[in-house]
Amino acid sequence: MMEPEHEPTLIDLAHRYDSEDVIGFIRSFVSDLRSGFDAVNTERFPWLTTLRQAPWSGVICLGMGGSGAGGDFLSALSDLRGNCPIHVSRGYSLPAWFDATWLVLATSHSGNTEETVSAAQTALDKEATVVVIASGGHLAGLPETSERCYLIPTVGGQPPRTAFGHIFSRQLSCLEALGLLPGMGDAERNAMLLRLQEHNEHFDILNNPEGDIALLASSLMEQPIAVIGPKELSPVLTRFKNQMNENAARFVRIGVLPEMNHNESVAWGGIGEEADPEAANQALLLLTWEGMLPRVRQRLDWMVAHASTETAWNLTGEGGTLLEVLLYHCLVMDWLSTTLALLRGKDPAAIAPISSLKEHLNSIQ
């Protein structure tokens with residue numbers, strides 16, 4: 001007599017679809033952060049002491065996709081507690097106002113991202129100082145051609161979006177060493193990493209297949225997704241969208257408070273007849289934290305009370321600092337997007353359209 005077929009578990013789906021062990025990379029996120037923080041110091045890179053003396057106008061972060069995401073995080077941290085403006089530039093060129101008083105932080109996991117290489121070379125041509133974070137490639141070779149270019153090597157061998165721990169920890173440690181962002185004491189940082197590791201183990205869908213992440217992912221299978229949060233969390237809103245796009249092949253709408261209240265609130269509706277008919281069918285994820293301005297929280301509460309959607313979750317970031325909250329939300333979005341990929345029968349590492357575009361561009365150079 002034939003055994004009845006059972007619904008595949010998340011463990012079954014991971015074995016079937018996770019061809020490049022994305023789950024393993026998520027599990028190592030906190031250890032990646034720790035190794036990156038430990039890797040950057042003035043003893044290993046004495047040129048950091050020299051660059052610390054310069055009166056920089058600010059920092060411009062070059063990068064695309066997963067390699068460029070850290071620039072948004074650095075900018076948000078600087079807006080809250082930094083010592084200079086941090087501007088993010090995604091593309092082949094530099095802003096018209098750029099000059100050599102701005103420090104350039106050029107990041108490419110592979111070292112061959114053509115937009116980043118082009119912009120970094122332009123900066124060097126303008127006699128600017130460039131700090132490169134790359135695992136190799138053309139970008140990592142630029143310090144050999146210019147005495148104003150410096151390399152902080154990162155770890156290769158995995159998709160850029162899974163290497164965020166390696167990349168961002170090096171970016172942050174670099175700016176801390178330069179005195180452009182306030183540093184964190186060893187004991188404080190270690191305590192933060194231990195808390196993040198506990199959260200990471202709790203979110204692990206293979207160890208906890210019926211936990212919060214799996215439950216939330218299963219509820220998002222059919223509905224369009226919108227993610228909303230305050231301005232200081234805009235980096236994780238963007239990364240949430242990008243991780244959903246790449247890992248789970250899902251579109252996500254993002255909204256930043258308070259700006260979205262001045263326009264998008266009408267489309268969400270709930271009062272009057274102006275609402276977009278699709279609003280009621282959207283799943284609304286609210287990314288929050290304890291440090292939100294009271295006035296922004298009041299706006300968020302009002303929107304939840306009046307929006308026409310019937311499906312909403314509040315994902316509160318754990319941690320006493322903005323940095324810890326941002327990293328906590330990274331863990332949530334990485335696990336959630338990967339779980340959605342598995343439930344939909346998609347390999348979370350598969351990015352065929354991106355690879356096809358790169359091959360097309362290489363063929364017409």
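What you see is a predicted model; the values in this text were computed from it and never measured. What's counted below: heavy atoms across the whole structure, side chains too, no hydrogens, waters or symmetry copies.
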Verify ring-ring contact (aromatic ring centres under 6.0 Å, His included) between Tyr328 and Phe203, making sure each step is shown before the conclusion. CA-CA 11 Å; Tyr328 174 93; Phe203 294 145; 5.6 Å; yes
Are Phe25 and Leu193 connected in a single hydrophobic cluster, I mean Ile/Leu/Val/Met/Phe/Trp/Tyr linked by side-chain heavy atoms less than 4.5 Å apart? no
Salt-bridge criterion met for Asp38 and Arg170 (N-O under 4.0 Å): no
Counting neighbours of CZ on Arg81 that are heavy atoms of other residues, nucleotides or ligands and sit closer than 6.0 Å, is the number greater than 12? no
Ignoring hydrogens and geometry beyond distance, is a side-chain donor-acceptor pair present between Asn261 and Trp302 at under 3.5 Å? no
Ser110 side chain to Asn112 side chain, donor-acceptor N/O pair below 3.5 angstrom: no
Ion pair check, Lys231 and Asp79, cut-off under 4.0 Å: yes
Only one of Thr316, Asn314, Val227, Leu315 forms a side-chain contact (heavy atoms from CB on, under 4.5 Å) with Leu286, so which one is it? Asn314
Checking side-chain polar atoms at under 3.5 Å, does Asp125 have a donor or acceptor matched by the opposite partner on Gln121? yes
Would the Trp97 and His87 ring centres measure less than 6.0 Å apart? yes
SB check Asp72 Arg239 (cutoff 4.0 Å): no
Under 4.0 Å between a Lys/Arg side-chain N and an Asp/Glu carboxylate O for Asp204 and Arg27? yes
Counterpart residues, side chain to side chain donor-acceptor pair (under 3.5 Å), relative to His166 (two or more places apart): Asp32
Salt bridge or not between Arg195 and Glu324? Use side-chain N to carboxylate O under 4.0 Å. yes
If you measure only the distance, is there a donor-acceptor pair under 3.5 Å linking the side chains of Gln223 and Thr311? yes
Single-linkage hydrophobic cluster, 4.5 Å side-chain cutoff, Trp102 and Tyr150 together: no
